[in-house]
Structure formats: structure tokens, C-alpha cells
Student: 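Would you mind keeping the following structure in view while I ask a few things?
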There are 2 protein chains.
Amino acid sequence: MSKKEALLKAAENKVRLGGYSNFSFRELACEVGIKSASVHYHFPTKADLGAELAHQYTDSFLAALGEPSELKANGKNPIDVYTQLFRRALVTDKKMCLCGLLGAESDSLPDKVRLEVKRFFNQNLTWLSAAHLANGEPNPAQAAIQTVSLLEGAMMISKTLDDNSYFELATQ
Amino acid sequence: MSKKEALLKAAENKVRLGGYSNFSFRELACEVGIKSASVHYHFPTKADLGAELAHQYTDSFLAALGEPSELKANGKNPIDVYTQLFRRALVTDKKMCLCGLLGAESDSLPDKVRLEVKRFFNQNLTWLSAAHLANGEPNPAQAAIQTVSLLEGAMMISKTLDDNSYFELATQ
DNA sequence: GCAAAATTATCGACCAGTAGGTAGTTATTT
DNA sequence: AAATAACTACCTACTGGTCGATAATTTTGC
């Protein structure tokens, strides 16, 4: 893993625990074994790092999902696959969704970071609409926003109350 | 309004826009017209201020709801009343739910603040369970976590995408 | 094939600004 | 006399960011 990748990974862990202000260049640098000045070589500003982090998070999230039509063709319910990805983030990583946390504080985010968080949710809603459409839902757009809202909310509350059974109850 | 009340009000606005780290004693002091050292007279530490803020927020939130049984007796659907309180926070205040934001970053919060955020959600779930029970729901506890999850999530996404119609679609 | 030039990735030293917090003091009110 | 509510001055720690320097590597021109 390159230093740049290591910096993004370290930043992701910090942000998913406490938001955009929960990481500093010094901390990241220390964790990957370089000096804080060197971080600016890879990311000119903190906003650049945050934006690239959210961008990559979105891409790998969507990549992990696959295409709704293909899932359906393989006999899987794409909504279950989507729910499972959230469950893994909560149970395995024991962390919030990166963009769920950044979205909550989006009013105080640098423009380029906020833009990437918007991209995450727009792409998620597009994917979920296609998924619900494939499932024969009468109103796919409404089902899409309801699905992602429920999952982000249930994740946040389960984290807060430190009890994953709330997530299970909400998604059951 | 006393200085202490003014400080809490100013802090609430900041936190609901960008989380716990989005306010400083200096900023608050400046906004209410005192010096930052004087803020420590009212709140010994930042954690004390944050905890008292979340506590009062919870109390006034619950007070604004009233009792589910009374609402029901007055011909109102308590779930609609609950939804309306979230809608007002989003549309009128144009801000996130204080504890929704703090909950997302609860892993990085001081203990006494996190405790107050937990109290908010525990009390909300109790209220909602009673409300759904009064509505004759077969599984009030499940309906409760689903209701608050959907509302917190829809609020966050509407804020992020800067479009309240997502909240309306999700709650319709 | 090789020297010159450019690029990559790091460093130490430093900057101005801000953070939360403390100590001791001064008025005002009870 | 005591409690309240503010003040000035200061502390240490940390923030994102800049500067010029330094090797190591890669690319380019002859």
C-alpha cells in the first residue's frame, strides 16, 4: 500500500468515527510514518484529501454492490444485498457510513467535500431506484429514499446506543 | 434571555450545522458579548456545555410532543405529530436534529455528552413505542425504531442534497 | 550510452491562528 | 460578608499551511 493509500485509509477510520474535523495532518502522518509537511505533497489541502476520500468511498461502495439487474438475474434481492453492505459496515467495521456522517455535518464542510457527499447519495438513490424497479415496486423513487434513510438512521442510532439489535429490528 | 441561555442557544445553532467541534468558547462568547474566559463560569468545560445542551434539547423536544395517549384522545395521530416536529426542524430551522448529528459522531464525543445523546434516543423510542401501541400497531418496538430511523435518515439526506422534497417523499 | 533535466517523495523549521483551560482581579448584587 | 458574573492576561497544545532543501528516481536530448 502506498503512503497516499495509507493516508486515505487512516483518514477514513478517523472520519467514520468523528467526522471531518476528527483527523489532522499530523495524526495521519504519524500513523503512516511520515511528517505532516509531506502529507501536503499528496493532498495540497485538507479539503482535497476529504474530497478524494469521499470520492473513492463512493466508487468502492457502488462497485461492491454490482448491478441491480445482474443481482436479480442471479436470483438475489438487490435490496437485501444493499442492506447487507450497511450491516457489514456497522457490524464488521464498527463504524458509521462515511457519507452518512459527512452528510449530517454537510453545512460546515468545504464545498468540494460536500459535492462528493452529494454524489454519494445521488448515485445511491439511482441504484436503489433501479433495484426497486426490478423488484416491481410501484413507486421506486419513494422506496429508494425510504430504504437509504432507514438504513442510515438505523446505523446512527445503533452506534449511539451501542446495540446492533436496533439495526436488525429496523431492517427486519 | 440570560447570558447562559444565550450561550446554549448559540451553541445549538453551531452544533446543528457542523457537530460538536463546530463551536468554540471564543465564538460563543463573541456572539453573546462576553469574553471566552467568562464562558467557563457558566460551563466549567466544553463537555459540560455539550452535555447540558443535549439534555435541554431532549427535554424541550419531548415537551413539545406531549403525551401519546392525550394526542390520541384529541383525535390526532401521534406519529404525524412526531413527524411534524422533525419537519419543522428541517424546514423552519433549516438545521439537522441536534442529537442526530451528535449521535453520528458519538464515538468521538466526551462520555457525558454521549450519555445525553443516548438519553435522547432512549426517550424517543419509549415515546414512539407508546404512540404505535396506541395506534394498534402489532409490533410497537419495531415500528418505533423504524420511525425514528427513517426520519433521522431522511433529514440528513435532505440536508445533504439541499432539497426538502426528499424528506416529504420519504415520510409520505 | 550517457549526462542533464525534470519529477517524485520526503524532510526540518517555521508561521499565524485557534483551541480549551487557568489564575487572579474587579464590580455588582444579595 | 458572600455569591454572582464578568474581566485581563496568560498558558500549553494543536491546527492547516508554507518554505527551501535533499535525496532518489525517471525522463529527455544529444
Side-chain angles (χ1 to χ4, degrees), chain A residues 1-56 101-102 105-117, chain B residues 1-54 56 101-102 105-116:
Chain A
M1 187 162 53
S2 72
K3 294 289 186 190
K4 183 168 180 175
E5 286 167 332
L7 287 168
L8 285 170
K9 194 71 221 147
E12 180 185 326
N13 287 330
K14 302 249 181 211
V15 175
R16 286 178 63 186
L17 288 175
Y20 182 73
S21 62
N22 200 41
F23 77 93
S24 74
F25 274 34
R26 272 170 180 73
E27 282 178 322
L28 297 191
C30 188
E31 276 189 38
V32 310
I34 59 176
K35 299 293 169 178
S36 83
S38 306
V39 181
H40 287 278
Y41 170 76
H42 300 285
F43 307 98
T45 69
K46 183 172 181 175
D48 290 317
L49 198 163
E52 195 162 327
L53 177 61
H55 192 94
Q56 290 196 9
L101 221 166
L102 291 179
E105 55 188 8
S106 74
D107 274 313
S108 67
L109 253 32
D111 285 351
K112 58 168 60 176
V113 182
R114 182 171 49 240
L115 224 72
E116 292 295 337
V117 182
Chain B
M1 188 163 51
S2 73
K3 294 287 186 189
K4 182 169 182 175
E5 287 168 331
L7 287 168
L8 285 170
K9 194 73 219 145
E12 180 185 327
N13 287 330
K14 303 250 180 210
V15 175
R16 286 178 64 187
L17 289 174
Y20 183 71
S21 63
N22 199 42
F23 77 93
S24 73
F25 275 32
R26 275 171 179 73
E27 281 177 324
L28 297 191
C30 188
E31 276 188 38
V32 311
I34 60 176
K35 300 292 168 177
S36 84
S38 306
V39 180
H40 288 278
Y41 170 75
H42 301 284
F43 308 97
T45 68
K46 184 172 179 173
D48 290 317
L49 197 161
E52 194 161 330
L53 178 60
Q56 289 198 9
L101 221 167
L102 292 179
E105 56 187 9
S106 74
D107 275 312
S108 68
L109 253 32
D111 285 352
K112 59 168 59 175
V113 182
R114 183 173 47 242
L115 225 71
E116 292 296 337

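Order of the sequence lines fixes the chain letters, A, B, ..., with proteins taken first and strands second; residue numbering starts at 1 for each chain.
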Student: Can you name the residues that form a side-chain hydrogen bond (donor to acceptor under 3.5 Å, both in side chains) with A:D107, not counting sequence neighbours?
Tutor: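 Residues passing side-chain hydrogen bond (donor to acceptor under 3.5 Å, both in side chains) with A:D107: B:K159.
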
Student: In whole angstrom, give the distance that lies between atom CZ of B:R26 and atom C1' of D:dA13.
Tutor: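 Distance, rounded to whole Å: 12 Å.
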
Student: What are the two closest non-hydrogen atoms of A:E105 and B:L101, and how far apart are they?
Tutor: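 Taking A:E105 first and B:L101 second, the nearest heavy atoms are CB-CD2, 4.2 Å.
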
Student: Which atom pair, heavy atoms only, marks the closest approach of A:S106 to A:R114?
Tutor: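 In this case the closest contact between A:S106 and A:R114 is O-NH1, 3.1 Å.
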
Student: Tell me the closest heavy-atom pair linking B:L49 and B:F25, and the distance in Å.
Tutor: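 Closest approach of B:L49 to B:F25: CD1-CE1, 4.1 Å.
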
Student: Between C1' on D:dT4 and NZ on B:K4, what's the gap in Å once rounded to a whole number?
Tutor: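 Distance check: B:K4 NZ to D:dT4 C1' gives 12 Å.
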
Student: Ring of B:Y41, cation from B:K4 - is the NZ or CZ under 6.0 Å from the centre and inside 45° of the axis?
Tutor: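 No, B:K4 does not lie over the aromatic ring of B:Y41.
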
Student: What heavy-atom pair brings A:S38 and A:H42 nearest, and what distance separates the two atoms?
Tutor: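 Between these two residues, the closest heavy atoms are O-CD2, 3.6 Å.
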
Student: Got a sec, which pairs hit side chain to side chain donor-acceptor pair (under 3.5 Å) with one end in residues 20-31 of chain A, sequence neighbours left out?
Tutor: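 Matches after skipping sequence neighbours: A:K14-A:E31, A:S21-B:S21.
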
Student: If you measure from NE2 on A:H40 to OG1 on A:T45, what distance do you get to the nearest 0.5 Å?
Tutor: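 With rounding to 0.5 Å, NE2 (A:H40) is 8.5 Å from OG1 (A:T45).
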
Student: Keeping B:K46 on the side-chain end and B:F23 on the backbone end, is there a donor-acceptor pair under 3.5 Å?
Tutor: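 It does hold such a pair.
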
Student: Pick base, sugar-phosphate or nothing for B:F23, based on heavy-atom distances below 4.0 Å to the nucleic acid.
Tutor: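 Since only primed, P, OP1 and OP2 atoms lie under 4.0 Å of B:F23, the category is sugar-phosphate.
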
Student: Quick one, which residues of residues 28-41 of chain A touch DNA chain D with a heavy atom under 4.0 Å?
Tutor: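 Listed by number, they are A:A37, A:H40.
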
Student: State which residues pass side-chain hydrogen bond (donor to acceptor under 3.5 Å, both in side chains) with A:E12; sequence neighbours excluded, sorted by chain then number.
Tutor: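 Expected list: A:K9, A:R16.
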
Student: Anything under 4.0 Å to a heavy atom of chain A counts; send over the first and last such nucleotide of DNA chain C, read 5' to 3'.
Tutor: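 Both ends considered, the range comes out as C:dT8 to C:dC14.
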
Student: Do any of residues 44-56 of chain A sit with a heavy atom less than 4.0 Å from DNA chain D, and if so which?
Tutor: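 Output list: A:T45, A:K46.
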
